A.B. asks: 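Once you've had a glance at the structure underneath, I'll fire off some questions.
Here the structure is a predicted model, which means the values were calculated and not measured.
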Amino acid sequence: MNRTPEDFIVKNLILLVLYCLPSFVLSQMIKEQNIYGYIDLELEQSITDKSNFGQPTFIDDIAEVSLAHVNLYYDVKPNEHTRALIEIAYQTKFFQTYSQPSLTMDSLKIGTLDQNLSIAQMSQANRITPEQQEQLEDLQSVLINREIQKSSPNDVDGGIYIERAWFDIHFNPLLNFKIGRYVNPVGIWNVDHGSPVLISARQPLQMSIIGIYPLVLEGGMIYGSHYLGDYELLYKIHISSGRETIDQRPKTFNDLGKGWRVQMNFDFLDGINLGHSGYFGTMREASFKSTPQVVLSIDDANTLGGILADGDIDTDEYEVYSKIIEESVDFSDLENTEKVSNYSQEFVSGIDLSIQYSKWKFQSEVNQQIVTNLHKVSNDYKKYTYMTGIYGLLSYEHMINTNLAVTPYFMAEYLQFSLNKNNPLASYSQYPLKIWNDYFVGLNFNVWGNVFIKTEYTLADISLDKDISPQYTTTRDIQVHQFLIQFSLAF
């Protein structure tokens, strides 16, 4: 039987009515429901010290205006024992909590189209020195990682996604259940992550770009609270599918993510909260191996070898290097791509402290992640690496009048990486990182209670891991200056 377009329209109208009618009837029975959200507009300028070779892949030295976030919440409470929340979010850029797919080349062909020579053959023919051979081999992974991070659909473009979708079942203060997609209840910052409730414009790296903890989980949680005299004890225990890594599919109970949080609220000063969070889970990731056709002329190969020889590359040399690479490397032919699965186990633990006294507020978190390589065919099997993150934030709220408050703030963050080549979370930069220091200073203007204007300056001081890549021993550390103005509206 032939179906006309009119049949298709009628069918979908019937389905729409059947879907909306129960929803309408249910909405009339709901005791309480709210729709709210916020919008962020950001003006950003980053400046990187170009005397250094390279920079983090997610930092662009351009002035940028972006609609950074649009978050919409639908919060319903049918009765006093149940509640559901859906958070739909738009984000300009996605910074994943896992590494991008990596791509490595077996050989880099150097020469003319008639006579292609591998790096090893070039060395054997004495056309390049052993040092140049090592530098060019290292160059391969730099080029590939950069290209993959540019082209990955999971990263740069952003889009609309579901931030949270859960429902609660309340029995009593001591025992409650949460099921669905929820924010990982770790520390202070990850739970309160919407810009209207944040003092600063930027979150600490460990709670945003890097994600030392899984930021969002899908699973179930038991939580509650109990008073011990004048002090309140809160607890949360959860189990989930784990960190949202590439190719993450739990296969056994051991693959599931398990976590907890305990917090004590003390009635000292105007409030002191002390908490501890933990998480244990696995990461299954997919990487890719291929041999694209890459051809460099002898002259270009010698030019690159000379530029890389001393490891200290100035601005002019970097421009020459970039031009050669852009004109010579072709990533279009990736038909012979082989998928490789990686398997790691992570344990993350941290403590946090929040102190409120009059108009002053201080909060700090210390977190450490330990990753153990469980991929048996890897040369790093059973080897572990760690990442440590510490930050502290100090602010002072000054009420100018009933419609305007200004809050100056200062925040410092310290990140240390160990053997980051084995840690998927530390691979967002094409160069091995050792230490990352961030210093934030800014002003937060609150107008009418729901309009926020934040001005912020950030200095990032990034140290490369020269033990992993000795060719960077003469390269100075990378410094990035960032200027940001954020406009937020809560509704």
A.B. asks: Taking only residues two or more places apart in sequence or in another chain, which ones pass ring pair (Phe, Tyr, Trp, His ring centres under 6.0 Å) with Tyr73?
C.D. replies: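 For Tyr73 the ring pair (Phe, Tyr, Trp, His ring centres under 6.0 Å) partners, ignoring immediate neighbours, are Tyr36.
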A.B. asks: Verify the distance criterion only: is there a donor paired with an acceptor across the side chains of Asn71 and Glu87 at less than 3.5 Å?
C.D. replies: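 Short answer, yes.
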A.B. asks: What's the spacing between Asn367 CG and Tyr391 OH if we round to 0.5 Å?
C.D. replies: 8.5 Å
A.B. asks: Which atoms form the tightest heavy-atom contact between Arg261 and Pro185, and what is the distance?
C.D. replies: CD-O, 3.0 Å
A.B. asks: Let me see the working for Glu44 and Arg202 under salt bridge (charged side-chain N to carboxylate O under 4.0 Å, His left out), right down to the final yes or no.
C.D. replies: CA-CA 11 Å; Glu44 178 182 343; Arg202 282 284 182 262; 3.1 Å; yes
A.B. asks: Checking Phe266 now: which residues fulfil ring pair (Phe, Tyr, Trp, His ring centres under 6.0 Å) with it, not counting sequence neighbours?
C.D. replies: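 Scan of Phe266 (ring pair (Phe, Tyr, Trp, His ring centres under 6.0 Å), adjacent residues dropped) gives Tyr231, Phe268.
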A.B. asks: If the condition is ring pair (Phe, Tyr, Trp, His ring centres under 6.0 Å), which residues does Tyr182 pass it with, not counting sequence neighbours?
C.D. replies: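 Residues passing ring pair (Phe, Tyr, Trp, His ring centres under 6.0 Å) with Tyr182: none at all.
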A.B. asks: Give a yes-or-no answer on whether the side chains of Glu456 and Tyr409 include a donor-acceptor pair shorter than 3.5 Å.
C.D. replies: yes
A.B. asks: Of all heavy-atom pairs between Gly389 and Leu415, which one has the smallest distance, and what is that distance?
C.D. replies: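 Here Gly389 and Leu415 meet closest at CA-CD2, 3.5 Å.
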A.B. asks: Can you find a side-chain donor-acceptor pair between Tyr223 and Asp168 that sits under 3.5 Å?
C.D. replies: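 Short answer, yes.
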A.B. asks: I'd like to know if Arg164 and Asp75 make a salt bridge, using a cut-off of under 4.0 Å between side-chain N and carboxylate O.
C.D. replies: no
A.B. asks: Output the distance between atom CG (Leu233) and atom CG (Leu228), rounded to the nearest 0.5 Å.
C.D. replies: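 Answer for the CG-CG pair, Leu233 versus Leu228, is 5.5 Å.
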A.B. asks: Glu42 and side-chain hydrogen bond (donor to acceptor under 3.5 Å, both in side chains): which partner among Gln486, Lys454, His69?
C.D. replies: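 Among Gln486, Lys454, His69, the one meeting side-chain hydrogen bond (donor to acceptor under 3.5 Å, both in side chains) with Glu42 is Gln486.
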A.B. asks: Flag the pair Glu346 / Tyr279 as yes when at least one side-chain heavy-atom distance between them is below 4.5 Å, and no otherwise.
C.D. replies: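 In short, these two side chains touch, coming nearer than 4.5 Å.
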A.B. asks: One thing to verify: whether Glu397 and Lys359 come together as a salt bridge, which I'm taking to mean a side-chain N less than 4.0 angstrom from a carboxylate O.
C.D. replies: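 No, this pair does not count.
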A.B. asks: Quick check: closest heavy atoms across Gln479 and Asp461, and the distance to 0.1 Å?
C.D. replies: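 Minimum heavy-atom contact is CG-OD1, 3.8 Å.
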